[in-house]
Amino acid sequence: MIISMTGYASHERNTKNGVLQVELRSVNQRYLELQLKLEDTFRAQEPQVRELLKQKLGRGKVECRINLAQANTAETIELNHSVLQNIAASVKAASDYFPATQAVNVLDVLRMPGVMVVPVFDAEALTQDVMTALDVALETLISARAREGEKLKAMILARLAEIESLIFTVKPMLPTMVKAHQDKLLAKLQEAQLSHDEERIRQEIVLYTQRIDVDEELSRLDSHVHEVKRLLTAGGMVGKQLDFLMQEMNREANTLGSKSVAIETTQIAMQLKVLIEQMREQIQNIE
């Protein structure tokens with residue numbers, strides 16, 4: 001299966017501590033880059049979260065957000081009456097010294113450390129909830145990346161079919177092109193013989209040998225096409241291998257263009273380069 005590095009997933013889970021929210025975003029990257037954006041509540045679970053992401057994902061820039069929307073917050077928070085009594089006693093004692101001082105603001109008192117008693121989370125239960133929710137979100141993300149990967153595979157196969165068609169078109173044209181170039185070369189050689197310019201004759205022969213031999217490039221290009229198909233069928237983490245093959249295919253297309261002895265092969269070389277570049281852009285998203 002071909003896996004894209006682009007995808008999105010989210011999952012919400014009701015827990016005794018509130019609604020747990022996990023959100024995952026993934027884009028292409030040369031390696032696996034994790035960006036964890038967790039609330040302070042989940043700092044203790046960060047190593048386990050990071051490890052699970054590494055186990056399930058191969059490449060990509062992945063952003064992971066985990067939040068907890070606490071339910072019935074007002075009902076679960078209690079007042080620390082002993083602290084309030086101490087504060088009240090201190091305020092009363094201070095007012096004896098400063099009778100004209102403004103009355104105490106209750107909201108300011110509530111913000112004082114220790115006044116509000118927040119329930120302590122069960123760390124073990126919280127960890128289990130986080131890992132379960134993250135695992136569900138990861139499976140959703142992987143499925144989304146797999147669907148996107150199948151679309152990329154179909155697009156690449158379509159471009160490969162076009163490349164094979166161009167190779168099939170250009171091969172029968174080569175003998176005619178070579179014959180035409182030979183006729184031109186013979187005329188130049190006859191001209192060079194009349195001038196007794198042996199150096200020019202040697203140059204023309206070397207140039208002729210270099211320019212007309214494109215059968216090797218076409219054979220390698222065809223071989224690369226079959227290797228790309230094989231990797232797409234095999235699936236897995238083949239993105240880097242496919243990217244390398246695109247570089248090799250582009251090299252053969254460039255050589256074909258530089259050796260071209262006719263406008264037809266020049267045009268085909270340009271079409272090949274366009275198709276290869278289109279594939280290369282999409283392969284950047286494959287894991």
Side-chain angles (χ1 to χ4, degrees), residues 1-9 24-34 51-63 134-174 214-257 265 267-287:
M1 182 182 296
I2 296 299
I3 305 295
S4 170
M5 286 185 279
T6 302
Y8 172 82
L24 298 172
R25 299 176 186 271
S26 174
V27 296
N28 63 310
Q29 178 62 279
R30 294 180 61 186
Y31 48 89
L32 181 61
E33 179 183 339
L34 302 179
E51 183 62 28
L52 184 59
L53 291 170
K54 288 181 179 180
Q55 288 177 7
K56 293 294 184 76
L57 304 174
R59 293 172 61 202
K61 183 177 181 180
V62 181
E63 178 184 295
L134 178 60
D135 192 59
V136 173
L138 270 170
E139 292 303 319
T140 304
L141 177 67
I142 292 170
S143 297
R145 286 168 41 135
R147 289 192 298 271
E148 182 66 21
E150 288 303 304
K151 293 178 184 178
L152 295 177
K153 177 181 176 179
M155 188 283 293
I156 294 169
L157 288 174
R159 299 299 185 275
L160 290 175
E162 292 185 59
I163 290 175
E164 287 181 313
S165 177
L166 290 173
I167 294 174
F168 180 80
T169 300
V170 74
K171 277 191 173 181
M173 298 165 58
L174 293 179
V214 296
D215 187 65
E216 185 177 350
E217 281 74 18
L218 291 175
S219 296
R220 283 199 294 263
L221 191 58
D222 189 56
S223 175
H224 293 330
V225 167
H226 284 85
E227 180 62 11
V228 171
K229 285 184 176 180
R230 187 191 70 79
L231 290 173
L232 290 174
T233 301
M237 293 181 60
V238 296
K240 292 183 178 179
Q241 293 170 273
L242 290 172
D243 188 53
F244 172 75
L245 285 170
M246 291 303 107
Q247 296 177 37
E248 294 301 304
M249 291 177 70
N250 191 60
R251 190 196 312 277
E252 304 305 337
N254 282 332
T255 305
L256 179 63
T265 50
Q267 291 174 341
I268 286 176
M270 291 301 297
Q271 292 174 24
L272 287 171
K273 286 176 63 65
V274 170
L275 291 169
I276 293 167
E277 179 61 22
Q278 289 175 348
M279 290 191 296
R280 191 195 67 80
E281 289 179 356
Q282 298 304 320
I283 283 171
Q284 301 304 308
N285 292 318
I286 293 179
E287 189 175 71

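- Contact check for Leu32 versus Leu53: no side-chain heavy atoms found under the 4.5 Å cut-off.
- With sequence neighbours excluded, the residues that form a side-chain contact (heavy atoms from CB on, under 4.5 Å) with Lys56 are Leu52, Asp135, Leu138, Glu139, Ile142.
- Closest of all the heavy-atom pairs between Leu272 and Ala253 is CB-CB, 4.1 Å.
- Side-chain atoms of Ser26 and Leu141, non-hydrogen and from C-beta on, do get closer than 4.5 Å to each other.
- Scored by the salt bridge (charged side-chain N to carboxylate O under 4.0 Å, His left out) test, Glu148 finds no partners at all (sequence neighbours excluded).
- Environment of CE in Met1: sparse, with no more than 12 heavy atoms of neighbouring residues, nucleotides or ligands closer than 6.0 Å.
- Once rounded to the nearest 0.5 Å, the distance linking CD of Glu281 with CG of Asn28 reads 11.5 Å.
- Checked for salt-bridge contact, Lys273 and Glu277 miss the test: no charged N lies under 4.0 Å from a carboxylate O.
- In this structure, the side chains of Leu231 and Glu227 come closer than 4.5 Å at one or more pairs of heavy atoms.
- The nearest pair of heavy atoms linking Thr6 to Ser4 is N-OG, 3.0 Å.
- Pairs of residues two or more places apart, or lying in two chains, that qualify as side chain to side chain donor-acceptor pair (under 3.5 Å) and include a residue from residues 153-162 are Arg159-Gln278.
- In this structure the side chain of Glu51 reaches within 4.5 angstrom of the side chain of Gln55, judged on heavy atoms.
- Looking at every heavy atom in both residues, Ile276 comes nearest to Met249 through CD1-O, 3.4 Å.
- For the atom pair CG of Leu218 and OG of Ser223, the computed distance is 12.5 Å after rounding to the nearest 0.5 Å.
- Between the side chain of Arg59 and the backbone N or O of Arg30 there is at least one donor-acceptor pair closer than 3.5 Å.
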Practice problem: Kindly determine whether Ile283 and Leu245 satisfy side chain to side chain contact (heavy atoms under 4.5 Å, CB included), including the steps that lead there. | Solution: CA-CA 10 Å; Ile283 283 171; Leu245 285 170; over 6 Å; no
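- In terms of modelled atom types and a separation under 3.5 Å, the side chain of Asn250 and the main chain of Met246 share no donor-acceptor contact.
- Glu164 is linked by a salt bridge (charged side-chain N to carboxylate O under 4.0 Å, His left out) to Lys229, counting only residues two or more places apart in sequence or in another chain.
- Closest approach of Ala137 and Ala9 over heavy atoms only: O-CB, 3.4 Å.
- Under the salt bridge (charged side-chain N to carboxylate O under 4.0 Å, His left out) criterion, Arg251 pairs with Glu248, not counting sequence neighbours.
- Distance OH/Tyr8 to CZ/Arg145: 15.5 Å, rounded to 0.5 Å.
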Distance-only check: which donor-acceptor pairs under 3.5 Å involve side-chain atoms of residues 234-242, not counting sequence neighbours?
none

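- In this structure, Met5 and Gln284 approach most closely via the heavy-atom pair CE-O, 3.1 Å.
- Taking CG of Leu134 as the start and CG of Leu24 as the end, the distance is 6.0 Å to the nearest 0.5 Å.
- Two residues are said to be in side-chain contact when any heavy atoms from C-beta on lie closer than 4.5 Å; Met279 and Val228 fail this criterion.
- Residues Ile2 and Ile156 have side chains not in contact (no heavy-atom distance under 4.5 Å, counting atoms from C-beta outward).
- Distance check: Thr265 OG1 to Leu166 CG gives 12.0 Å after rounding to the nearest 0.5 Å.
- Separation of atoms OG1 (Thr169) and CD (Gln271) is listed at 9.0 Å; rounding is to 0.5 Å.
- No side-chain heavy atom of Leu221 sits less than 4.5 Å from a side-chain heavy atom of Leu256.
- Using a 4.5 Å heavy-atom cutoff, the side chains of Leu34 and Lys54 are in contact.
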